[in-house]
Amino acid sequence: MFPANFGYAAPRSVDEALQLLSKHGEEAKLLAGGHSLIPAMKLRLSSPRTLIDLGAVPGLRGVRLDGNTLAIGALTVHADVGSSDLVRKHLPGLAEAASVIGDVQVRNRGTIGGSVAHADPAADFPVILTALNATFVLQSTGGSRTVTADKFFVDYFTTAMEPNEILTEIIVPLPPAGTGTAYAKLAHPASGYVVVSAGAMITRQPSGSCTAARITIGGLGSGPVRAVASETELQGKALNAQNIAAAAAKAAEETDPDGDIYAGADYKRHMATVLARRAIEAAVKRAVT
Amino acid sequence: MTTEHISNGLIGASIRRVEDPLLITGKGCYVDDINLPGMLHLVVLRSLYPHAKIISIDTSAAKAIKGVVTVVTGAELPEHLNINAQVMFPGQKIPPHPVLARGAVHAPGTPVAAVVAESRAIAQDACNAIEVEYQALPSVQNAEDALKPGAPLAREELDNNICYTAVKKGGDVDKAFAQAEHIVRMHIVSPRQVALAIEPRGIAANPDPMGKSLTVWLSTQGPHRVRADLAGTLGMPENKIRLIAPDVGGGFGSKGPLYREDVLTCYFALKLRRPIKWIATRSDDFVTTIQGRDQAMTSELALKKDGTMLGLKVRVVANLGGYLQSSTAGPPQRMMAMAPGCYQIKDCHVEVVGVFTNTVPTGPYRGAGRPESVLNIERLIDKAAKDLGIDRLEIRRKNFIRPEQFPYKTGVGMEYDSGDYFKSLDKAMKLSNYQDLMRQRDERRARGEIVGVGVSTFVEPSGGAGFESGTVRIERSGDITVITGSSSHGQGHETVWAQIAAEMMKAPMDHVTVLHGDTYISQQGTGTFGSRSAVVGGGALATAAQRVIDKSKRIAAHLVEAAPEDMVQADGGFAVAGVPEKKVSWRQIAAAAYSGKIPQGMEIGLQETCFFDPRREAWGYGAHVCLVSIDRETGAPTIEKLVLVDDCGVLINPMIVEGQIHGGVAQGLGEALREQMIYAEDGQVLTGTLMNYAVMRAGDMPPLTLGETVTPNPFHPLGVKGVGEAGTNGAPPAVANAVMDALAPLGIDHIDMPYTAPKLWEAIRQAQSDRA
Amino acid sequence: MTAEPENTAIPIKVTVNGVKHEAVVEPRTLLVYFLREQLALTGTHVGCDTSQCGACTIHLNGRAVKSCTILAVQANGKEITTIEGLARGDAFHPVQEGFREKHGLQCGYCTPGMIMTAAHLLETNPDPSEEEIKHALEGNLCRCTGYVNIVESVKWAAQKMGGKNVSR
């Protein structure tokens, strides 16, 4: 399994990378950790003419506290997201998602930006980042703009990114006091990818009732789906087992997943409710006021 | 035959492996590690269609790529380049199996063109540049469907999809069924499996400058057998091919036969007079390497009300795939031969229908018919117990072949050598704390959990397929060289053979060197498969060693002027009985043997070769117990306990035996829980990569409890029986019976493996809605 | 700046097992083939084409990664350790020793990758639980051993590296 030939460039700055990107246009692909792109190139499902390797671009790695947000460099590898003290402290749900992607070697090499930009419907980060209401920083030669997760994931392997844009950073707002985050996943036994997963960010009042809930489901469609019915159901309710279960039971509403050889559509929808419940429960436990 | 050796404790000792230092430091040598100057690379273009006519192939663009040496289609190859299968059953049909498709393809993955280029990457580029126009033909994937009237013909050359029909029978099965007080009927399908040796197949071939002879490195389980087939296909004298099995990265049955790419590589090497290598990608491996199981078994078991088994009828529909490999007919035959399992069922009728489909050819995969057969009879007996309200242990014990009945001739004409199935089952009960397990099950059920306990008892025939060879040579230095015709692909031959030789010769193990896997070094051999190496290869070695010992004793006696019968083996050689200081070392004996200081009339030299054929199989056996729970919410099964009691006769290296059991169990659990090769209705391969074909990973393995009983094989010089397939035979039915026991309270009778969470959840949901 | 035209060979500098190498590679060359074919370090194996099996695991700047899913050009300027670089002379790395002591290998094909993953685990977590070991090995497939003795091998190595007495 050998990729087709391509030209290669290793820019030393985002600006250089952007120039290359505008020069080579749609025939070029950006290479981050390569853990989505290289497998596709090996199977010749993807044969870009030019690869622009972001590996040598400084400043795109690491997690930093920026005001009331965490800013995560697009080239931060999954393992570093998962083990970051900042992430673990403020966004345990994100750490959880990072630590169940692929396997150790994949987590040591795959990047959060690469995963997000690839927008695989079976990926983990899109699901949790949507629950966390993350924002994506996109740079182009014309400047930079931000897109929220709700608007970022457009379709199967399709994002709101323009071909001349580079994803440089992921901004995740620090949840308000009394908020917990969690991620629950049913992994495919072969690939380790998401069969179904759920992300949750729940804010709980000292009284015990829910003031805010963002719940997302992965695996049921072309990308992460907000479980709006579940969120609405939970709003203002006491966060007890019964209410959580009632909300989770609506997690697959208005979804129409395809069955596959591993799991049928009914199973996926059912697991969405199970995983939503588990994610909500875990988030609530972490929502210490 | 008895061996006259004094134990130095090597047989039966868990000796660390001789093979390991190279393998743990990355210094092993697998086929892909062979790199020769000027080496070319072969890549094959494969059909994605399961069944199609080839209308045209345009190779011009491929040929124009720099670095491409040749691009060839089936029409351009000599017509004798075919894979030849043997007739194993009367009337068996053998449709053409050309190394490159000629006019049509009959399975996904069929090679349609071959590219030889300066690098693998260039060859791949060229493959992608070949244009093939196909005309799709109707295809069939399921063997039972292929027998239905009007089914598409998998091989359009034939009138129907039946390759052969074979029957094994004994007694009077009709009479038995006429007397039956209860008949159990079941339909069980064993899921198609992929052997998935972690090293994909591969071959390197280097011709001599005249193109008259060939050195071949092949990832194979049987260098001599495959060399004979290769020579036959190439039309070359067998002894002009030196076939080397270097380090082989697993095989599990799949690396037995000769494959199309092997022939292509050698053909091009001879034609181009250049060394050539072909290495399968994992994707290649998924659609070209023989797959296992895929037998549909329809059975009837006749019993008396008290559980006594009277008769057994089985009809097996075996999916053979689109082409026959040399070993394709093996597993169904094996299935037939052990249909009655450990039980006294004299009246049997077992029929196999081998069926062509448009799928990857099947063949031996660890167990090779044994797991299918054990699954069948063990599910049947559990169902009988349930139907008749008899305890599952009691019904087994009632029908077990009793220890005093051995050697025992079964209802399908096989003779089992020895065994004590009661002892093995008792031990499994004890190790699993069975009564307590059942109590736990009942308590947990009362709390609403889905929990089950399963038992399987089984036989494991080993050591078939004819002879194996062994040579023992004492070198001039007194060092011992052992040459086996068997060849290892991970079983530790170099260690085990050295243990046997060192113990028998009373020599230190590091004085023994074991050579194997090279047809220019070893005498003719058969290979490693079917749990046969320790039995047949070990038997050959033990016999050859004994002959050397017998001769050496006479030389030693001659040297100290004693009578041979007064000589006894002593550390490092021989001594006069009762006079330990009157000693002759192996070095002294060897010096005498090669210099002619030997008794008159004796032949010079000190080397003996034995071609050993036990002419009967060794029947190992065992009892496995499984506790499984199923998560009601997700359907996910968890094996909480798995107890494995195996009897493989005398253990030579218990560490290696345990390793074999672990590995077999892991593959068996894969079959039971997750592994299945799936073809879509239109014939496309749906599980053609490790992204969708799920094998067991470290975290998936349940805790294993191993136990053993030892019934020495009375017909073997070392008392051994095979063990390589024990885990794949016994574990899946234990799991199946446990899962079905767990689901029995829901009214579920039978589900076929693999027991994935979605499948179990769906079954539970269905059962609950049926009851509601 | 312009990308090199297709297939232009790229010069790279890498340090492999402590030895500095300057080489020229096609951009499409996967790191595993660079190691195997250009540097003749054939201990790193290829067992699949979808980044699942882990037979190609090496250490890149101290981390276990799959060298089949990295381009050689991406390793430019980096440090690599392969299975050949793990032992110190004739002295096996404790993980290597553990695999031998505990029969953690049969055919040996997955073994280099297993050992490299396990060695990385013990560098980051010197005293792992059985569950942690199994979790760490999820990216490495073995078809021979059923993993039972691989886990035992890693435990043995952990004990040895922790200076504890180890038993056979």
Side-chain angles (χ1 to χ4, degrees), chain B residues 14 16-17 19-30 32-33 35 119-121 195-200 247-252 279 281-285 488-492 655-656 658-667 669 689-691 695-701 703-704 727, chain C residues 26 28-29 33 36-37 40-53 55 82-87 92-93 95-113 115 131 133-151 168:
Chain B
S14 288
R16 291 179 309 169
R17 298 202 320 169
E19 290 87 344
D20 290 354
L22 281 176
L23 300 178
I24 57 177
T25 51
K27 309 266 168 47
C29 181
Y30 301 85
D32 198 16
D33 303 341
N35 287 305
S119 78
R120 288 176 75 188
L196 229 145
I198 302 294
E199 181 204 25
D247 287 324
V248 174
F252 316 111
I279 301 296
T281 62
R282 179 57 59 196
S283 299
D284 285 329
D285 215 67
S488 173
H489 49 289
Q491 294 82 1
M655 175 188 85
I656 287 177
E658 282 191 7
Q660 286 293 318
I661 294 169
H662 292 157
V665 166
Q667 285 176 317
L669 293 180
T689 75
L690 283 167
M691 296 287 281
V695 297
M696 299 291 278
R697 291 169 189 268
D700 302 319
M701 283 299 288
L704 307 179
Chain C
E26 275 188 29
R28 64 162 155 179
T29 304
Y33 291 113
R36 289 180 51 80
E37 287 165 12
L41 294 169
T42 55
T44 303
H45 297 152
V46 176
C48 78
D49 44 22
T50 53
S51 318
Q52 293 288 329
C53 81
T82 70
I83 186 70
E84 290 92 343
L86 209 56
F92 295 142
H93 184 283
V95 175
Q96 292 173 315
E97 223 180 321
F99 271 67
R100 184 163 190 225
E101 292 293 338
K102 290 300 186 187
H103 191 32
L105 66 150
Q106 290 180 27
C107 82
Y109 196 78
C110 76
T111 309
I115 289 176
E131 282 316 302
I133 294 171
K134 288 180 170 180
H135 186 63
L137 296 175
E138 71 191 324
N140 292 77
L141 297 181
C142 170
R143 200 62 164 161
C144 292
T145 64
Y147 307 96
V148 179
N149 287 341
I150 291 178
V151 173
R168 277 278 290 281

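To find a chain, count down the sequence lines: A is the first, B the second, and so on, and within it residues start at 1.
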Approximate separation, where rounding is to 0.5 Å, of Leu141(C) CG and Met696(B) CE: 11.5 Å
Partner chain B: residue of Arg28(C), His93(C), Glu26(C), Glu97(C) with the largest heavy-atom pair count (under 4.5 Å): Arg28(C)
Backbone N/O of Gly113(C) and side chain of Asn140(C): donor-acceptor pair under 3.5 Å: yes
Side-chain donor or acceptor of Lys134(C) paired with backbone N/O of Tyr147(C) under 3.5 Å: no
Interface residue of largest heavy-atom contact number with chain B, from Glu131(C), His135(C), His45(C), under 4.5 Å: His45(C)
Choice from Ala121(B), Gly28(B), Ala197(B) maximising heavy atom contacts with chain C below 4.5 Å: Ala121(B)
Choice from Gly699(B), Gly492(B), Pro703(B), Gly251(B) maximising heavy atom contacts with chain C below 4.5 Å: Gly699(B)
Arg282(B) side chain near Thr689(B) side chain, heavy-atom distance below 4.5 Å: no
Proximity breakdown for Leu704(B) and chain C, heavy-atom pairs closer than 4.5 Å: side chain
Donor-acceptor contact below 3.5 Å, side chain Arg36(C) vs main chain Thr42(C): yes
Side chain / backbone / both / neither for Asp33(B) at chain C, heavy atoms under 4.5 Å: both
Region of Pro21(B) that comes under 4.5 Å of a non-hydrogen atom in chain C: both
Test item: Asp247(B) side-chain N/O and Cys29(B) main-chain N/O as donor-acceptor pair under 3.5 Å: yes
Ser283(B): partners by side chain to side chain donor-acceptor pair (under 3.5 Å), with sequence neighbours left out: Asp49(C)
Thr82(C)-Glu84(C) side chain donor-acceptor pair, cut-off 3.5 Å: yes
Segment of Ile656(B) engaging chain C (4.5 angstrom heavy-atom cut-off): both
Residue, of Val95(C), Thr111(C), Thr44(C), Val148(C), that accumulates the most heavy atom pairs under 4.5 Å with chain B: Val148(C)
Between Cys142(C), Gly43(C), Cys107(C), the one whose heavy-atom pairs under 4.5 Å with chain B are most numerous: Cys107(C)
Max heavy-atom pair count under 4.5 Å with chain C, selected residue of Asp700(B), Asp285(B), Thr281(B), Leu196(B): Leu196(B)
Between His489(B) and Gln491(B): side-chain donor-acceptor atoms closer than 3.5 Å: yes
Contact leader toward chain C among Gly727(B), Gly250(B), Gly664(B), Gly659(B), where contacts are heavy-atom pairs under 4.5 Å: Gly659(B)
Distance in Å, Lys102(C) NZ paired with Ile150(C) CD1, rounded so as to fall on 0.5 Å steps: 14.5 Å
Portion of Glu658(B) that has a non-hydrogen atom of chain C nearer than 4.5 angstrom: neither
Residue part contacting chain B, namely of Tyr109(C), when any heavy atom lies under 4.5 Å: both
Chain C contact via Asp32(B) - which portion, at a heavy-atom distance below 4.5 Å: both
Most contacts with chain B, counted as non-hydrogen pairs under 4.5 angstrom, among Leu137(C), Thr145(C), Ile115(C): Thr145(C)
Most contacts with chain C, counted as non-hydrogen pairs under 4.5 angstrom, among Gln660(B), His662(B), Lys27(B), Met701(B): His662(B)
Under 4.5 Å from a heavy atom of chain C, the part of Val665(B) involved: neither
Option that, when pairs with chain C are counted at under 4.5 Å, heavy atom only, ranks first among Asn35(B), Ile661(B), Ile279(B), Asp20(B): Asp20(B)
Arg17(B) vs Met655(B) side-chain heavy atoms within contact, under 4.5 Å: yes
Interatomic distance, Ile198(B) atom CD1 to Gln106(C) atom CD [nearest 0.5 angstrom]: 12.0 Å
